[in-house]
Number of protein chains: 2
Amino acid sequence: MTADAPLDESGILARITPALPQGRDVELGPGDDAAVVRLVSPRLVITTDTLTEGHDFLLARTTPEQIGAKAAVQNLADVAAMGARPQAVVSAVSAPRGTDPSVLKGIARGLAQRCARYGASVVGGDLGAADALSITITAVGALPEGQEPSVRSGARPGDVLAVGSDQLGRSAAGLALILKGDPTRLEADEEARALMTWQNSPDPDLTLGWTAAIGEAAPAPGSGEAEGAAPATAMMDLSDGLVRDGGRIARASGVVLDVDPTALEGDVEALLSAAALLGAGSEAAWEWVLHCAEEHAMLATFPGPGVPSGFRAIGSVRARRDGEEPAIMLGGRPVAGEGFDHFG
Amino acid sequence: MTADAPLDESGILARITPALPQGRDVELGPGDDAAVVRLVSPRLVITTDTLTEGHDFLLARTTPEQIGAKAAVQNLADVAAMGARPQAVVSAVSAPRGTDPSVLKGIARGLAQRCARYGASVVGGDLGAADALSITITAVGALPEGQEPSVRSGARPGDVLAVGSDQLGRSAAGLALILKGDPTRLEADEEARALMTWQNSPDPDLTLGWTAAIGEAAPAPGSGEAEGAAPATAMMDLSDGLVRDGGRIARASGVVLDVDPTALEGDVEALLSAAALLGAGSEAAWEWVLHCAEEHAMLATFPGPGVPSGFRAIGSVRARRDGEEPAIMLGGRPVAGEGFDHFG
């Protein structure tokens, strides 16, 4: 319940707009037919993605702020995964007439917070009527002149496979808890709450995308620090799970990615108590770690041996053998199953 | 009915993507995390808008091609109205699982055709599940260095008010026919069919946006041609009707727009037979002409006396008198009613 009365489109936008982050690169913000943003170069990077109530989130099990944050992250991650810093987003929200304006303001707040953290401006929006709540974000950035986009097809035999996250599987574990767990019991469990929060608004370090794309400078000789790291040869964000997304890099690059299972044992172990809450064991935790959609951490290959800080090595890239198809493997063996198909 | 079987997301995208227009400015098209497009300058112009089944279109009274075309036009028009040529779009389509792939391909075809006509590439898409069909387009272009965006706030007393269309009111007339007309009778009426087609996929000349922004060069002296025209001082596209959108220019510019009713008599007359099909008269036709949403023609002010070809003068801009509010008037009198509120 709230004191907010239903408003018309312009009234709602007038209340939301002032809270949106606007960088100095914004020449013209919301309110005209389109916004004008000065990019760091003319090489636009652009992506779009939608979240729909009942399909991508459940209003009763998330918050408007989390919806806005998740919509932001999944799009900012796509720009970051090309090696570009996101500079701006526009959002199109559809909602049933009579939707409490506090829901719309909450979505805008979550969106604005995540964008502001990464220096991206929210420069425009559209609010329309629909039977179900949905939000479509388009995020843009730009690649500096001379910098190649970090595509999926650049992985080379001998590269190190690495992930920009110290814990995989959280979004999947959180989703399982939301869908199958006993709400009262989960509410009392701090770890379960954290996993459900991660599912509702994943929070990987997206800066790793645009830093990995240019590599890390080697430290001064004799400084005692770890060696520098070359730029990523291939990169994407984990949208549909390590196995499915890794398979995409493998196919695009024509190589085999071999994930080292010992590198993921810690990830699995950390999810065992969540699995136990559902009466499940390490098999469920392995499933979450290998097939976790909506993680949005960076998955990348590097020439090695070092990987940039924030990344950790989880496997290696090798050439295909005679007649072998490009694929992702786990400890040299094929992995059953692929990730999530949004329309299957 | 069609031979297309339901497919998964990647299968559908694989069938749609090859038909999408890709200009030479596209460095990286669909298929990776994000697309890369070389804009004509780093000054990005960006806008987004959604069409939702049951709210913005009725599947039974339109075609997938028209849905795609309309979604394209309403976004391309917003970029054009800033004075920029649209260079690229991304589209996010949500559809019920099991939607016939021919519907999705039809939407893509309509989108692709309109984009191709204006030289805009379709560089990315998202396909997700929802209970209702919807499409959100984001369109981008860029403003050449040194060119001011054509905003709503630039109209000055003495300017000529002009519209980039030789017939206003078609979308509104078409909508009235779709909602209230007798389908059998309408089908037999060529004029009615044309108006319904215009409502389902309006087709204004969007090039007028980016040509009006730079003005028309004066012809060589003695050539006998009409004089040149200065750049637009204010511009927007007609999304919500002449009165509502004109009111926006008036308020943003702090002026009064006075529409000359005699300039619109031809528009009204041309819609009288459509009105008669609904048992209505000139009052309905005036309503359509003054309040027609989704027309997407350019509405602009020019220093005058000439306006660029493709535009026609429909009124003038004057200063406010003592205590007078900014407003749009018709023949010096206030106009009742405003246009369409998408969320009211």
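Chain letters run A, B, ... following the sequence lines, proteins first and then strands; every chain starts at 1. Below, all heavy atoms of this structure are taken into account, side chains as well, without hydrogens, waters or symmetry copies.
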Pair count under 4.5 Å, heavy atoms only, with chain B: among A/N75, A/L51, A/D49, highest is A/D49

Whatever's closer than 4.5 Å to a heavy atom in chain B on A/E145 counts as side chain

Cut-off 4.5 Å, heavy atoms of chain B, and the answer for A/A142 is neither

Between the CE atom in B/M298 and the CG atom in A/D33, the distance rounded to the nearest 0.5 Å is 7.5 Å

Checked A/L143, A/D78, A/T47, A/V123 vs chain B; the most non-hydrogen pairs under 4.5 Å come from A/D78

Heavy-atom nearest pair, B/D131 first then A/H55, reads OD1-NE2, 2.9 Å

Turns out that what part of A/V140 lies under 4.5 Å from chain B's heavy atoms comes down to side chain

Note: vs chain B, highest number of non-hydrogen pairs under 4.5 angstrom among A/V90, A/I46, A/V36, A/V40 is A/I46

The side-chain hydrogen bond (donor to acceptor under 3.5 Å, both in side chains) partners of B/T50 (sequence neighbours excluded) come to B/T136

side-chain hydrogen bond (donor to acceptor under 3.5 Å, both in side chains) filter on B/T48, not counting sequence neighbours, yields B/T138

The interface call for A/M236 against chain B, heavy-atom contacts under 4.5 Å, is both

Looking only at B/M235, B/Q87, B/M82, most heavy-atom pairs under 4.5 Å shared with chain A are made by B/M82

Rounded to the nearest 0.5 angstrom, the CG-CG distance for A/D25 and B/L44 is 10.0 Å

The interface call for B/A35 against chain A, heavy-atom contacts under 4.5 Å, is both

So CG of B/D56 and OG of A/S94: to nearest 0.5 Å the spacing works out to 7.5 Å

Honestly, the part of A/S150 sitting under 4.5 Å from a heavy atom of chain B is backbone

Of A/T52, A/L39, A/D32, the largest count of non-hydrogen pairs under 4.5 angstrom with chain B goes to A/D32

